[in-house]
J.: 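One structure, as structure tokens, below. Some questions next.
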Amino acid sequence: LEHFGKINIVINNAAEQYDWDDITEIPDDQLLRTFQTNIFSHFYLTKSALPHLSKGDTIIATSSINAFKGNDTLIDYTATKGAIQGLVRSLAMSLMDRGIRVNAVAPGPVWTPLIPASFEEEKV
């Protein structure tokens, strides 16, 4: 806003995923982190940007094919992607009268490089 004076598009694309063979293996703190990263970030970025959007502007969220087909080892990740689909559908209906479009893209598998442990340590 400071640089361009307006916002015309919001792209919600934050996510992380971990493989779990069994739902009982997912620690509570990991479940919370996955939801905070994958769905809460979409909610709060949209909430912050919305006062600056107007007719013709767009919100796009990255979902996943897993939201529709499920995944036997990406249990918490898949749940967040289903939540994104629900958020997008509700926002699309809610913002229709304001002329703000809301859509999701749901790609299939995408290779994501692992962050080296040294990088994680540097962030702390």
Side-chain angles (χ1 to χ4, degrees):
L1 279 171
E2 186 176 314
H3 184 77
F4 292 107
K6 63 181 179 173
I7 297 175
N8 297 111
I9 187 168
V10 174
I11 299 177
N12 289 305
N13 190 43
E16 62 181 287
Q17 68 180 34
Y18 300 93
D19 286 311
W20 301 99
D21 291 327
D22 186 326
I23 193 170
T24 63
E25 296 175 356
I26 302 173
D28 292 344
D29 61 332
Q30 181 58 58
L31 178 67
L32 180 60
R33 178 181 164 146
T34 302
F35 270 80
Q36 286 173 329
T37 302
N38 296 11
I39 183 67
F40 291 9
S41 63
H42 289 228
F43 181 90
Y44 289 116
L45 178 60
T46 299
K47 184 177 178 181
S48 294
L50 193 55
H52 308 286
L53 298 176
S54 57
K55 185 175 182 176
D57 293 343
T58 303
I59 299 169
I60 300 171
T62 303
S63 179
S64 170
I65 191 68
N66 292 316
F68 304 100
K69 70 175 191 126
N71 187 296
D72 61 339
T73 63
L74 299 175
I75 298 166
D76 53 342
Y77 170 83
T78 299
T80 65
K81 295 304 181 168
I84 289 168
Q85 288 300 136
L87 178 63
V88 165
R89 288 183 182 123
S90 295
L91 283 172
M93 293 186 318
S94 173
L95 299 175
M96 186 184 316
D97 290 343
R98 291 177 55 181
I100 299 171
R101 291 173 296 151
V102 186
N103 292 294
V105 293
V110 176
W111 178 79
T112 304
L114 293 175
I115 298 173
S118 61
F119 179 78
E120 283 294 324
E121 293 168 5
E122 290 174 14
K123 288 182 5 183
V124 177

J.: If you take all heavy atoms of A67 and Q85, which pair is closest and at what distance?
T.: CB-CG, 3.9 Å
J.: Which heavy atom of P51 sits nearest to which heavy atom of K47, and what is that distance?
T.: CD-O, 3.3 Å
J.: Got a second to check how far Y77's OH is from Y18's OH, nearest 0.5 Å?
T.: 12.5 Å
J.: From I100 CD1 over to N8 CG, what is the distance, rounded to the nearest 0.5 angstrom?
T.: 10.5 Å
J.: Is it true that, when you exclude L1 itself, more than 12 heavy atoms of the residues, nucleotides or ligands shown sit nearer than 6.0 Å to its CG?
T.: yes
J.: Say you draw a straight line from OG1 of T34 to CD1 of I75; how long is it, rounded to the nearest 0.5 Å?
T.: 11.5 Å
J.: Using atom types as modelled and distance alone, determine if a side-chain donor or acceptor of K81 lies under 3.5 Å from a backbone N or O of T62.
T.: yes
J.: Taking the side chain from S94 and the backbone from S90, do they hold a donor-acceptor pair closer than 3.5 Å?
T.: no
J.: Indicate the atoms forming the closest heavy-atom contact of G108 with I65, along with that distance.
T.: CA-CG2, 3.7 Å
J.: Are F4 and I9 linked, directly or through other ILVMFWY residues, by side chains that come within less than 4.5 angstrom of each other?
T.: no
J.: Less than 4.5 Å apart, any side-chain heavy atom of E16 and any of Q36?
T.: no
J.: Would a hydrophobic clustering, with Ile, Leu, Val, Met, Phe, Trp and Tyr connected at side-chain separations under 4.5 Å, put Y44 with L91?
T.: yes
J.: Of all heavy-atom pairs between R98 and L50, which one has the smallest distance, and what is that distance?
T.: NH2-O, 3.5 Å
J.: Quick one: pull up OG1 in T73 and CD in E25 and give me the separation to the nearest 0.5 Å.
T.: 11.0 Å
J.: Cluster question for you: counting only ILVMFWY and a side-chain heavy-atom cut-off of under 4.5 Å, with indirect links fine, are F43 and L95 together?
T.: yes
J.: Quick one: do D19 and L74 satisfy side-chain contact (heavy atoms from CB on, under 4.5 Å)? Show the steps, please.
T.: CA-CA 5 Å; D19 286 311; L74 299 175; 3.2 Å; yes
J.: Which heavy atom in G56 sits nearest to a heavy atom in R101, and how many Å separate them?
T.: O-NH2, 3.7 Å
J.: If you draw a 6.0 Å radius around CG in D22, do more than 12 non-hydrogen atoms from other residues or ligands fall strictly inside?
T.: yes
J.: Any side-chain heavy-atom pair from W20 and D76 closer than 4.5 angstrom?
T.: yes
J.: Taking the side chain as every heavy atom from C-beta outward, state whether N12 and S41 have any pair of such atoms under 4.5 Å apart.
T.: no
J.: Linking I/L/V/M/F/W/Y whenever any side-chain heavy atoms sit under 4.5 Å apart, do F35 and I26 land together?
T.: yes
J.: Heavy atoms only: give me the nearest A49-I7 pair and the separation to one decimal.
T.: CB-CD1, 4.3 Å
J.: Got a second to check how far L87's CG is from I39's CD1, nearest 0.5 Å?
T.: 5.0 Å
J.: Quick one: are N71 and Q17 in side-chain contact, heavy atoms under 4.5 Å?
T.: no
J.: Nearest 0.5 Å, what's the CG-OG1 distance between N66 and T80?
T.: 9.5 Å
J.: Can you tell me which residue among V10, I60, I59 is in a side chain to side chain contact (heavy atoms under 4.5 Å, CB included) with V102?
T.: I59
